[in-house]
Amino acid sequence: MSARAHPVDDDGEISPVDTSSPRQANTPYVHKVEVPPKQNLFNEFMYTFKETFFHDDPLRHFKDQSKSKKLMLGIQSVFPVIEWGRKYNLKMFRGDLIAGLTIASLCIPQDIGYAKLASLDPKYGLYSSFVPPLVYACMGSSKDIAIGPVAVVSLLLGTLLRAEIDPNTNPNEYLRLALTSTFFAGVTQAALGFFRLGFLIDFLSHAAVVGFMGGAAITIALQQLKGFLGINKFTKKTDIIAVLSSVISSAHHGWNWQTILISASFLIFLLISKFIGKKNKKLFWIPAIAPLVSVIISTFFVYITRADKKGVQIVKHLDKGLNPSSLRLIYFSGDYLLKGFRIGVVSGMVALTEAVAIGRTFAAMKDYQIDGNKEMVALGAMNVIGSMTSCYVSTGSFSRSAVNFMAGCQTAVSNIIMSIVVLLTLLFLTPLFKYTPNAILAAIIINAVIPLVDVNATILIFKIDKLDFVACMGAFFGVIFVSVEIGLLIAVGISFAKILLQVTRPRTAILGKIPGTSVYRNINQYPEATRIPGVLTIRVDSAIYFSNSNYVRERIQRWLTDEEEMVKAASLPRIQFLIIEMSPVTDIDTSGIHALEDLYKSLQKRDIQLVLANPGPPVINKLHVSHFADLIGHDKIFLTVAEAVDSCSPKLSDEV
């Protein structure tokens, strides 16, 4: 049965025949491809603008509301705490209290280690877990994300800063540049959210992020060998060759066995506690408090044995007190302004990518929505305010957020609880960290970054998409063999290259008829699909733009040439009709129209008729406006491939 007797519904499915109609039952009927109503330029522009920047319709809540209600909704959109705070109760606080205390026990030792990773004084790590979480709790929309310094951003920031200033010879300038970078990281994040440009971070593909994170994790772990082995003279480079050379060259005289004993034993303890937490989800608190327990025990051990006198390096002095104001330290002029801006943009984008990914992951697990653009504004605001209160770039931490989630957090109040604990630590407990060995901080960081090397995700990427795997490995090897910034550049470059490749080289396929139906599908996917003699049907799986129009035309001509050679060799009827299935062609520009015109002229010389099937609204409209429809004939544009084949070769299509 041909498609003439089977009307096609909007979903492309074959609808039942109304046999009561003598016209349908006895007379072939070809559906006309309708041209959509013409829209004026302004309406078309506004529709495109809205779908690009306001696809989530953020102003829908303001419709039909009074002015006072609109004002309240506007304030709530900036400070979500006002909305959920009215519904807050004691039961929710109980969950947030447990979660807040749990992540605080994890963040305090991590913050000290991450600050050293960024070549900053350990106190700045604690500062960064006090102010930013408070700001995020008021402005953020995620219930589960835990805010503070993270390993990858700390490494990236430290690497970029050390390329400009030596922290040992110019510590004050180094700190000022770090705060300047944090300020511009926040400005970048807030600007992306305010101008609704959050889609830009999606250009960094998942595969590239997996590779970059894995490479950064290994680089971070290698950097910790200095503290893990007790080495005094260590390379300032981050690539694996330089680091391993530095480790090996200092093996005979630079390693400290007491330090190795401390770091190795506590790393084993941390790994065992993590294994227990994974085996039994109810025991999540064991790996969460293990780092703090390790710090307490190792600090006590060093203090009573005075191991610092035997070469075990310790934290030494850690200032007491709240975050001092640092607005006057930010560079708003001079040579370091542009350097701070550049470093801030790079570190801010990486921090943003990590935070939004974490927020979306846990929002999906709890079945609630987060507004990506609002998240960016919240993250930007907390880093701008943080830069003025002696904090460096903060973002969402996956390890802490996972603990926060498993501990039963209900709202962002868990971040407030964590901040209060950090505040108490800054006010009263910092002197206790004097004898904390650097070895335990190295062990904690190594333990924290191990999950960032996602082997299972890498294997899955390899199985699904080989080009994605190339992007993943490119970013991975770029980080570990060259530097973090080169690895990031490779990740972004390969992600863009993949987009360009897919846009400029779209897929095309030859279609055949599924026996017993009027459905036409890719003959490679459905080997049983048969070709119609004298007819070649090709599907283009992409919009046709200036970037790919010539390729599409040349690829179609190559398909045709190959088909003609095969037909001639098999002594079959020559190709008389070329049908292009245009359902996947979402749009076409002037270059695409010219490519079709060139194809049509080429086919005319070969005495082959060009036929189009199912062009969408934007495409059919442009075909009419450009008069291409007049050129090939309106009767050569069909609603379905089946109707096109029936019109070209009705007898043969019914026999197949």
Side-chain angles (χ1 to χ4, degrees), residues 113-122 124-125 149-171 173-175 177-178 181 208 211-256 259-260 263 313 336 339-340 342-347 350-351 392-393 438-439 441-446 448-450 452-453 473-494:
Y114 292 159
K116 293 177 75 68
L117 194 60
S119 298
L120 291 168
D121 192 279
Y124 293 104
V150 297
V152 173
V153 176
S154 298
L155 172 68
L156 177 63
L157 185 67
T159 303
L160 295 174
L161 291 173
R162 286 192 297 271
E164 303 295 339
I165 301 174
D166 188 337
N168 297 317
T169 56
N170 297 296
E173 285 80 2
Y174 184 88
L175 173 61
L177 186 59
S181 302
F212 174 75
M213 289 294 186
I218 290 177
T219 301
I220 291 167
L222 289 172
Q223 289 288 303
Q224 299 314 301
L225 291 178
K226 177 185 179 182
F228 194 92
L229 302 173
I231 301 172
N232 290 316
K233 294 182 179 180
F234 199 71
T235 180
K236 294 180 180 179
K237 297 180 179 179
T238 60
D239 63 282
I240 188 170
I241 303 298
V243 171
L244 291 181
S245 298
S246 181
V247 170
I248 294 170
S249 63
S250 60
H252 297 294
H253 56 82
W255 294 12
N256 182 275
T259 300
I260 296 173
S263 54
Q313 299 172 19
Y336 288 128
K339 293 177 180 178
R342 178 180 61 82
I343 297 171
V345 170
V346 174
S347 57
V350 173
Y392 75 97
V393 182
N438 289 338
L441 300 178
I444 289 171
I445 292 175
I446 292 171
V449 300
I450 286 174
L452 295 179
V453 184
M473 290 295 100
F476 177 80
F477 288 119
V479 171
I480 65 171
F481 281 107
V482 188
S483 64
V484 178
E485 58 266 37
I486 294 299
L488 182 61
L489 189 63
I490 291 173
V492 174
I494 294 178

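Atom set for the values below is all heavy atoms of this structure, side chains included, hydrogens, waters and symmetry mates excluded.
Among residues two or more places apart in sequence or in another chain, the ring-ring contact (aromatic ring centres under 6.0 Å, His included) test is passed with F476 by none. Not counting sequence neighbours, the partners of S154 by the side-chain hydrogen bond (donor to acceptor under 3.5 Å, both in side chains) test are Y392.
Checked options T259, N256, N232; the residue passing with Q313 is N232 (criterion: side chain to side chain donor-acceptor pair (under 3.5 Å)). I343 pairs with exactly one of T159, V393, L160, L156 by the side chain to side chain contact (heavy atoms under 4.5 Å, CB included) rule, that one being L160.
A heavy-atom distance below 4.5 Å is not found between the side chains of D239 and V482. Residues V484 and F212 have side chains in contact (heavy-atom distance under 4.5 Å, counting atoms from C-beta outward). Two residues are said to be in side-chain contact when any heavy atoms from C-beta on lie closer than 4.5 Å; T238 and V243 fail this criterion. Annotation: side chain of L120 is in contact with side chain of Y174 (closest heavy-atom distance under 4.5 Å). S119 places none of its side-chain heavy atoms less than 4.5 Å from the side chain of L161.
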* **From CA spacing to verdict: side-chain contact (heavy atoms from CB on, under 4.5 Å), Y336, I165** => CA-CA 10 Å; Y336 288 128; I165 301 174; 3.7 Å; yes
* To do: Check step by step if side-chain contact (heavy atoms from CB on, under 4.5 Å) holds for V152 and L452.
  => CA-CA 9 Å; V152 173; L452 295 179; 3.8 Å; yes
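Between K116 and D121, no side-chain nitrogen of the basic residue sits less than 4.0 Å from a carboxylate oxygen of the acidic one, so the salt-bridge criterion is not met. Using a 4.0 Å cut-off between a side-chain N of Lys or Arg and a carboxylate O of Asp or Glu, R342 and E164 qualify as a salt bridge.
Using a distance-only test at 3.5 Å, with no hydrogens or angles considered, no donor-acceptor pair links the side chain of S246 to the main chain of A242.
R162 contributes atom CZ, which lies 9.5 Å from atom CG of N168 (distance to the nearest 0.5 angstrom).
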